[in-house]
Amino acid sequence: MAKFFYRMQNILDVKYKLEEQAKQEYMSVRVRLDEAMDVLHAFENRKDMYMDEYRNLVSQKLKVLEIEECKNAIILMDEYILEQNRLIDKIQNELDLATKKLNHAMQERKVHEKLKEKQFETFLQELNLEEMKEIDELVSYQYNEKEE
């Protein structure tokens, strides 16, 4: 029996590798985004803690120095949160690019897989035609043998 050989297999293999690289890049950016989100949540929790402390200090005896320190800490946390949100936006853009790259790589791989499938179907049809031709020749030969 004839063996199927896809002449563009090396290109398909490259497409598989490119898709795998795109997946890895996507995952690394996704991990960075998750870490940045965790940092943001930590900053927000610290700000909430400072806000609670600020409320307690204001409601108790007036300790101006502690109240001012707490107020400055809240302002600083606001700046950290703003900066972290900017970082998250930047990473989100990188994630969007990585997603587009991954989708493109997957589309290219799928195109080559379809080409391979079509070439395999053509191969099977040709193989089937060849077998039919051999059967016809065999039947024809046997028929001619009987008549002689």
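Quantities reported herein were computed from a predicted structural model and do not represent experimental measurements.
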I'd like a table of donor-acceptor pairs (distance under 3.5 Å, sequence neighbours excluded) in which one partner is a side-chain atom from residues 111-121, with atom names and distances.
{"unit_1": "E113", "atom_1": "OE1", "unit_2": "R109", "atom_2": "NH1", "d": "3.0"}
{"unit_1": "E113", "atom_1": "OE2", "unit_2": "Y16", "atom_2": "OH", "d": "2.5"}
{"unit_1": "E113", "atom_1": "OE2", "unit_2": "R109", "atom_2": "NH1", "d": "3.2"}
{"unit_1": "K116", "atom_1": "NZ", "unit_2": "Q9", "atom_2": "OE1", "d": "3.0"}

Say you draw a straight line from [atom1] of [X] to [atom2] of [Y]; how long is it, rounded to the nearest 0.5 Å?
X	Y	atom1	atom2	answer
M77	M51	CE	CE	13.0 Å
E53	I74	CD	CD1	8.5 Å
L57	Y50	CG	OH	12.0 Å
N72	I67	CG	CD1	12.0 Å
T99	Q92	OG1	CD	8.0 Å
I11	L18	CD1	CG	11.5 Å

- Task: Test K133 against D136 for salt bridge (Lys or Arg N to Asp or Glu O under 4.0 Å), laying out the working first.
- Result: CA-CA 5 Å; K133 185 177 178 182; D136 286 345; over 6 Å; no
- Note, E83 side chain near L87 side chain (heavy atom, < 4.5 Å):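 A side-chain contact under 4.5 Å is absent here.
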With hydrophobic residues grouped by side-chain heavy-atom distances under 4.5 Å, do [X] and [Y] end up in a single group?
X	Y	value
L95	M27	yes
M49	V39	yes
L82	L33	no
I91	V31	no

- Which is it for K17 and D13 under the salt bridge (Lys or Arg N to Asp or Glu O under 4.0 Å) test, yes or no, and what are the steps along the way? CA-CA 6 Å; K17 288 178 185 175; D13 293 340; over 6 Å; no
- Heavy-atom neighbours of Y6 OH exceed 12 at 6.0 Å: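 Yes, because the 6.0 Å sphere around OH of Y6 holds more than 12 heavy atoms from other groups.
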- Message: Looking at N45 and H41, would you say the former's side chain and the latter's main chain have a donor-acceptor pair under 3.5 Å?
- Response: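 Looks like yes, one N/O pair under 3.5 Å.
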- Message: Donor-acceptor pair, distance only, cut-off 3.5 Å: does the side chain of Q84 make one with the backbone of F43?
- Response: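 Side chain of Q84 to backbone of F43, a donor-acceptor pair under 3.5 Å: no, none is there.
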- Query: Does I135 sit in a hydrophobic cluster with other residues, and if so which ones, taking ILVMFWY side chains as linked at heavy-atom separations under 4.5 Å, directly or through other members?
  - Reply: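 Cluster partners of I135: V139.
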- Task: Starting from the C-alpha separation in whole Å, work towards a yes-or-no answer on salt bridge (Lys or Arg N to Asp or Glu O under 4.0 Å) for E19 and K15.
- Result: CA-CA 6 Å; E19 181 181 358; K15 298 298 178 186; over 6 Å; no
- Task: Just do the side-chain contact (heavy atoms from CB on, under 4.5 Å) check on E25 and Q21 with the steps written out, would you?
- Result: CA-CA 6 Å; E25 180 181 339; Q21 287 175 349; over 6 Å; no
- Message: Just to verify, which of K100, K101, E108 counts as forming a side-chain hydrogen bond (donor to acceptor under 3.5 Å, both in side chains) with H104?
- Response: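 Single pass found, and it is E108.
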